[in-house]
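Note that ligands are numbered from 1 as they come in the structure, with each ligand's atoms numbered from 1 the same way. Everything numeric here is computed off the predicted structure, so don't read it as measured data.
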Amino acid sequence: MELLKERIRRDGVVKKGNVLKVDSFLNHQMDIQLFNEIGKEFKRRFAACPINKILTIEASGIGIACIAAQYFDVPVVFAKKAQSINIDGDVYSTKIESFTHKKVYDVIVSKKFLNENDRVLIIDDFLANGCALAGLIDLVQSAGAVIEGIGIVVEKGFQNGGDLIRSKGVRLESLAIIDGMNDETGEITFRD
Ligand code: 5GP
């Protein structure tokens with residue numbers, strides 16, 4: 001998605017530790033016009049899929065998922081970060097290791113909002129090592145629901161999450177794939 005790549009080139013900031021900061025338009029301040037274009041692009045790519053629900057994870061995925069959901073006309077469910085102590089039988093739960101915070105979180109979805117009749121599109125802002133997505137896939141499978149596909153805004157193609165997810169046979173669509181970034185020059189290389 002050319003518009004997104006241009007924006008990343010213009011406003012993305014490469015930090016040490018393979019972190020790309022996009023907080024001026026994607027995950028702190030949010031450019032809603034750009035989000036609309038992202039939502040339309042996800043709809044275009046998954047138009048043929050019988051999606052009835054979008055699943056994402058708090059916090060950064062929620063805004064993107066909500067705007068995209070308007071093009072699919074489906075509800076959004078977000079996986080919540082929870083304290084293990086509060087997890088009961090009414091929820092599906094899994095563990096996710098955070099790339100940015102290097103911590104392990106329990107995340108949950110209520111059984112009320114995900115079940116075997118659901119055909120789910122998973123949406124998130126970033127794909128790095130794939131832990132967040134592996135957790136979301138686990139939640140969908142626990143519910144007996146079907147994963148129609150995964151939509152990611154920025155995939156860091158030089159980390160192994162994309163390969164991991166594609167090797168599971170899940171359809172993964174990333175709107176911008178970064179093959180390399182240099183924290184000294186700020187240069188970002190995209191896959192075509
Ligand atoms: P993964 O679980 O694939 O390793 O990491 C995905 C999660 O980590 C995303 O939901 C995102 O919040 C965060 N993340 C991973 N890499 C980056 C990055 O380079 N920049 C930002 N802003 N967040 C990232």
Polar-atom distance check: N129 versus ligand 1, any N or O pair below 3.5 Å? yes

Plane angle bin for F46 and F42 - parallel if under 30°, tilted between 30 and 60°, otherwise perpendicular: tilted

N/O to N/O below 3.5 Å, does that happen between L127 and ligand 1? no

Answer with yes or no whether D23 contacts ligand 1, where contact means a heavy atom under 4.0 Å from a ligand atom. no

Taking both backbone and side-chain atoms of G130, is any N or O found less than 3.5 Å from an N or O belonging to ligand 1? yes

What part of I96, side chain, backbone, both or neither, has a heavy atom within less than 4.0 angstrom of ligand 1? neither

Please list, in number order, the atoms of ligand 1 under 4.0 Å from a heavy atom of N27. 22 (N)

Look at ligand 1 and say whether K21 reaches it with a heavy atom at a distance under 4.0 Å. no

Region of K156 engaging ligand 1 - heavy atom pairs below 4.0 Å: side chain

Looking only at N/O atoms, are A132 and ligand 1 under 3.5 Å apart anywhere? yes

Contact atoms of ligand 1, heavy-atom distance to N18 under 4.0 Å: 19 (O)

Just to check, does G161 reach to within less than 4.0 Å of ligand 1 when the distance is taken from its heavy atoms? no

Strictly by modelled atom types, are N36 and Y71 linked by a side-chain donor-acceptor pair under 3.5 Å? yes

Please indicate whether any nitrogen or oxygen in C131 is less than 3.5 Å from any nitrogen or oxygen in ligand 1. yes

May I ask you to say whether R166 pairs ionically with E155, meaning some side-chain N is under 4.0 Å from a carboxylate O? yes

Does I57, backbone or side chain, put an N or O under 3.5 Å from an N or O of ligand 1? no

